[in-house]
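Structure record follows, encoded as structure tokens.
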There are 2 protein chains.
Amino acid sequence: MNEKEAQLIEASIDLFAQEGFWNTPTARIAKHAGVATGTLFNYFESKDVLIDAVYRQLKQEWKTYLLAGYPQDGTLKERVEHIWFRHIDWGLHFPLRYSLMMQLKLSDLVSHEMQQSQEAELAFAYEMIVQGIAAGELIDTDPAYLGQIFYAQLEAAVSYATDHNLSGMPLTRHITQGFEIFWQGVTP
Amino acid sequence: MNEKEAQLIEASIDLFAQEGFWNTPTARIAKHAGVATGTLFNYFESKDVLIDAVYRQLKQEWKTYLLAGYPQDGTLKERVEHIWFRHIDWGLHFPLRYSLMMQLKLSDLVSHEMQQSQEAELAFAYEMIVQGIAAGELIDTDPAYLGQIFYAQLEAAVSYATDHNLSGMPLTRHITQGFEIFWQGVTP
DNA sequence: AAATTTAGATTGATTGGTCAGTCATTACTG
DNA sequence: CAGTAATGACTGACCAATCAATCTAAATTT
């Protein structure tokens, strides 16, 4: 990826997260990235294409962060717990990125194709759930629903930690307790 | 509330939910409501004020729906379960309204004052949780966090039911099971 | 090694279109 | 007929996207 392209995406993340997509003119993005307005359109066909690129970048950073140190051969609980911790960690380390990713999810701004291609990257999580159910370690429900519950609880945990500025021990306790609540719910 | 005012809010809900706030010009809202563009601004000082009115209306309808048949003197579980069922019911009966309410929640379009005043209306739910914890019927966590978990799971349940077009028996089973997962998680 | 050509990247003023909000005029209504 | 509500053409501001001009640096020639 070109350096200017990366700067433009970075500037977009900053501005979209702080001002919202509809309130940030392409001219401001270009300025914030230190290039001319025309340059933006050399790299991205349109503003819509730019937002797809932003979304892809966020999702990829996020996924990479989640998988760092993933205990491939751990127990199911260990693996799920790892994702739980890493996700919350990411949300607290990169609040702008996190809130933008959340907003984009609901917003219809990201193309259908991009949404799908990014979702496909999470197949491993789905597999994990399927196996957990097969092994009797998770309650027998549609894996898609369990995945959604997992994610929903995660969002709640992050937004609570953010709202209450948790850090240090209280944060660790909150994360652990949140996970236990989730685990107790989906475990026979 | 004036009839035209109500029509304008109704039209806004329709269009905002389907096209998004930023893609629906005030002119189209007025047309859809059967009035002239100028009339809209007789009733709402600006587009921003209109969206506040839309939000208030949605929240109020929602709250009314939730509380219909509320078992004031039932057990804690019965009361929570009632809210659970009614919320999902509302989401499935009024998908446009539901999705708009979700979007507005994250969007920063609703004024801070309106957000707060509507949140204050949910004090009864908070009270319920506090009492549940005091009585040892719920695990000992910050009531605010339990509330957030409750809501997050509810969203997951609605979006799953919507995505899979559930109805009849499968729907009932899904709702009940979702509640059991939640309840098992937050109960000692 | 200097001079010249070439291809591609960068620039930002400009354009064409959109839209929130206005206000002079018209239509009701009691 | 007075007062209130409704109308819709209009305005000023904003912005995505364009494109002719300019710059840069690599390639080629003298």
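In what follows, every heavy atom counts, from backbone to side chain, and hydrogens, waters and symmetry copies are set aside. Here is the naming used below: chain letters follow the sequence lines, and residue numbers restart at 1 for every chain.
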- Between protein and nucleotides 23-30 of chain C, map the contacts as a letter string: B base, S sugar-phosphate only, - none, heavy atoms under 4.0 Å, written 5' to 3'. --------
- Query: Checking salt bridge (charged side-chain N to carboxylate O under 4.0 Å, His left out) for the pair A:Lys59/A:Glu121: CA distance, chi angles, key distance, verdict?
  - Reply: CA-CA 9 Å; A:Lys59 278 284 191 176; A:Glu121 300 248 320; over 6 Å; no
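Summarising the geometry, the separation between CD1 on A:Ile29 and P on D:dA16 is reported as 8 Å, rounded to the nearest angstrom. Separating the NZ atom of A:Lys31 from the P atom of C:dT11 is a distance of 14 Å, rounded to the nearest angstrom. Taking atom CG on B:Asp48 and atom C1' on C:dA20, their separation rounds to 10 Å, with Å as the unit. Whole-Å rounding puts the A:Asn23 CG to C:dA20 P distance at 13 Å. The nearest whole Å value for the distance from the CG atom in A:Leu40 to the P atom in D:dC15 is 15 Å. The CZ-P distance, from B:Arg28 to C:dG21, rounds to 17 Å in whole Å. Whole-Å rounding puts the B:Lys47 NZ to D:dC14 P distance at 16 Å. C:dT15 atom C1' lies 14 Å from atom CZ of A:Phe41, rounded to whole Å.
Of the candidate nucleotides C:dA20, D:dA6, D:dC15, D:dA6 has the atom nearest to the side chain of B:Thr39. Closest to the side chain of B:Thr26, from the set D:dT7, D:dC15, C:dA20, is C:dA20. Comparing C:dT11, D:dT7, D:dA16 by their nearest atom to the side chain of A:Pro25 picks out D:dA16.
The phosphate of C:dT10 (OP1 or OP2) has a side-chain N or O of A:Lys4 nearer than 4.0 angstrom. In terms of phosphate contacts, B:Tyr43 brings a side-chain nitrogen or oxygen within less than 4.0 Å of OP1 or OP2 of D:dA6. Look at B:Thr37 and you won't find any side-chain N or O under 4.0 angstrom from OP1 or OP2 of D:dG8.
With values rounded to the nearest 0.5 angstrom, A:Trp84 atom CH2 is found 6.5 Å from A:Phe150 atom CZ. For the atom pair CZ of B:Phe182 and CZ of A:Phe182, the computed distance is 14.5 Å after rounding to the nearest 0.5 Å. Note that the CD atom of B:Gln72 and the CZ atom of B:Phe124 stand 9.0 Å from one another [nearest 0.5 Å].
With A:Leu104 as reference, A:Tyr55 is the one residue of A:Tyr55, A:Phe16, A:Phe21 to meet the side chain to side chain contact (heavy atoms under 4.5 Å, CB included) rule. A side chain to side chain contact (heavy atoms under 4.5 Å, CB included) with A:Leu171 is found for exactly one of A:Leu166, A:Asn165, A:Asp89, namely A:Leu166.
Aromatic ring centroids of A:Tyr145 and B:His164 lie 6.0 Å or more apart.
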